[in-house]
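Everything below concerns the one structure shown next.
If you read the sequence from its start, that first residue is 1, and numbering goes on from there. Atoms within a ligand are numbered from 1 in the order they appear, just like the ligands themselves.
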Amino acid sequence: MLLWVQKVYNPPMLVLGIETSCDETGVALYDSQAGLVAHLLHSQVALHARYGGVVPELASRDHVRKLPGLIKQLLAESGVGMAALDAIGYTAGPGLVGALLVGVCSAHAMAAVLKIPVVEVHHMEGHLLAPMLEPSPPAFPFVALLVSGGHTMLVWVTGLGRYEVLGETLDDAVGEAFDKTAKLLGLGYPGGPAVAAAARDGVAGRFGFPRPMTRKPGLDFSFSGLKTFTRVTYEKHAAEPNIVADIAAEFEQSAVDTLVIKCRRAMQQTGSGSLVVAGGVGANQRLRARLADEGRQSAWQVFFPRPEFCTDNGAMIAYTAWLKLQSVVGEAPVQARPRWPL
Ligand code: KG4
Ligand code: ZN
């Protein structure tokens, strides 16, 4: 039986964060007084590239291979011994079950040996709180646009653990739409940065791409129609010069417009003065520029994590674990949660 114990851990604390939910092995050390001490990331891009997407079994095996060495390197470079750790936080979900289990088992094994608390972290909560690692962090409440390979959500955040989902995708996530478009256009994996790079040489506006679900009220998204429109348009115009770049540009513009329109609506609906943008697609320069402009015009403050903390990383997990440790802490179950609502 799971025994929940209420404890309050006061600073100072040194927390190790472990992220293994998909195709990046991330580790970080967060010090409650000094802030982020260090973080390291091993990307599996080269491993999956020839398959055009993430192969779950290869991802888990690579986490097993890389995680122990990455933790040792992190501690050595930070001049910290294993015994100095006060707690460990790890991504318990959502994500690929085999990949998650590597982080779950490693964190629990280390914590058992060191006799320190272990905290499970929701991957999207980590993304949502990542802007707090920046020098000018947002204050609660704020609207968060969470855009990754598996999620597209607008969330009204009124405090730690107080998340009201205002809208989410009914089918594909926006990052998934970027990835599928990249595959269609032969741009490879990972798709988002590849589409963005191709789009720089393209001209948008020739094909009348849709802005899905923006004419209906509400804050939900749908990106599968945009994906189909992209495919049909490409097949029809495949022989035209510069077609890959032009389609990439128009796809990107349409996806970004759709996100911006929904953000504007969420800001009006909540009356919020702050918008946080996080998750892998938050690294997209066009999205960042458009939302920054929108913020200037509408007098909202827009907060982005630095691009390396938009995509998966251990820093957001160590930081979120530390925040969670300050309130209620229980024995985290030794369990991966591939599907886990925010
Ligand atoms: O948050 P993340 O690293 O992993 C998940 O939790 O899914 O997000 C990965 C997603 C992928 O779909 C990737 O193509 C997309 O973020 N992405 C981008 C960019 N960088 C990463 N999408 C558009 N533009 C980018 N620059
Ligand atoms: Zn992520």
Between ligand 1 and [X], is the shortest N or O to N or O distance under 3.5 Å?
X    : value
Q285 : no
F178 : no
G149 : yes

Next item on the list: Please state which part of H123 comes within less than 4.0 Å of ligand 1, counting heavy atoms only: side chain, backbone, both or neither.
Entry: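 Contact part for H123 vs ligand 1: side chain (C-beta onward).
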Note to self: Heavy-atom distances under 4.0 Å decide this one: backbone, side chain, both or neither, for E24 against ligand 1?
What the structure shows: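 The answer is neither.
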Next item on the list: Could you tell me the residue and atom name of the protein heavy atom closest to atom 18 (C) of ligand 1, and the distance to it rounded to 0.1 Å?
Entry: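 Looking only at protein heavy atoms, the one closest to atom 18 (C) of ligand 1 is G192 CA, 3.5 Å.
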Notebook entry, point to check: Considering only the protein, which heavy-atom contact is closest to atom 24 (N) of ligand 1, and what is its distance?
Noted result: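 Ranked first by proximity to atom 24 (N) of ligand 1 is N284 ND2, 3.0 Å.
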Next item on the list: Check the angle between the aromatic planes of F142 and F140 and answer parallel, tilted or perpendicular using the 30° and 60° thresholds.
Entry: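 Because their plane-to-plane angle is under 30°, the rings of F142 and F140 count as parallel.
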Next item on the list: Could you label the plane-to-plane angle of the F229 and F209 rings as parallel, tilted or perpendicular, counting under 30° as parallel and over 60° as perpendicular?
Entry: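 Ring orientation, 0 to 90° scale: perpendicular.
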Item checked: Passing candidate, side chain to side chain donor-acceptor pair (under 3.5 Å) with E120, options Q335, R337, K324 ->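 Answer to the side chain to side chain donor-acceptor pair (under 3.5 Å) test with E120 among Q335, R337, K324: R337.
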Next item on the list: Could you name the option among G279, P307, G280 that has the heavy atom nearest to atom 8 (O) of ligand 1?
Entry: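 Among G279, P307, G280, the closest heavy atom to atom 8 (O) of ligand 1 belongs to G280.
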Check: Nearest heavy atom to atom 3 (O) of ligand 1: which of D312, V195, V256 does it belong to?
Finding: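 Shortest heavy-atom distance from atom 3 (O) of ligand 1: D312.
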[X] and [Y]: side-chain donor and acceptor closer than 3.5 Å?
X    : Y    : result
E19  : S21  : yes
H108 : Y90  : yes
D172 : S224 : no

Checklist line | N-O pairing of D293 and R290 below 4.0 Å | finding: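 Result for this pair is no, no salt bridge flagged.
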Item checked: Any P190 heavy atom less than 4.0 Å to ligand 1 ->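 Not so, P190 does not reach ligand 1.
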Margin query: So, 4.0 Å and heavy atoms of C22: is ligand 1 close enough to count as a contact?
Written below: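 In this structure, C22 fails to qualify as a contact of ligand 1 - no heavy atom is under 4.0 Å.
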Next item on the list: Taking the six-membered ring for Trp and the single ring otherwise, decide whether the centroids of F309 and H127 are under 6.0 Å apart.
Entry: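 No, they do not, as the ring centres are separated by 6.0 Å or more.
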Margin query: Are F207 and H237, when compared by the centres of their aromatic rings, separated by less than 6.0 Å?
Written below: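 Yes, they do, as the ring centres are separated by less than 6.0 Å.
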Suppose I only count heavy atoms of [X] and a 4.0 Å limit; which atoms of ligand 1 are within that range?
X    : result
D179 : 11 (C), 12 (O), 13 (C), 14 (O)
G175 : 12 (O)
H127 : 1 (O), 6 (O)
G150 : 7 (O)

Checklist line | Near the Zn ion (ligand 2) (cut-off under 2.8 Å), count of protein N, O or S atoms | finding: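 Total protein N/O/S atoms under 2.8 Å from the Zn ion (ligand 2): 3.
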Item checked: Lys NZ or Arg CZ of K183 over Y189 ring: under 6.0 Å, within 45° ->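 No - K183 does not lie over the ring of Y189 by the 6.0 Å and 45° rule.
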Next item on the list: Say whether, by atom type as modelled, one donor and one acceptor occur between the side chain of D220 and the main chain of E168 under 3.5 angstrom.
Entry: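 Answer holds: yes.
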Item checked: Backbone N/O of V80 and side chain of S78: donor-acceptor pair under 3.5 Å ->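 No, the answer is negative, given that no donor and acceptor are paired below the 3.5 Å cut-off.
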Next item on the list: Test E134 against R306 for salt bridge (Lys or Arg N to Asp or Glu O under 4.0 Å), laying out the working first.
Entry: CA-CA 8 Å; E134 301 304 330; R306 68 196 85 164; 3.0 Å; yes
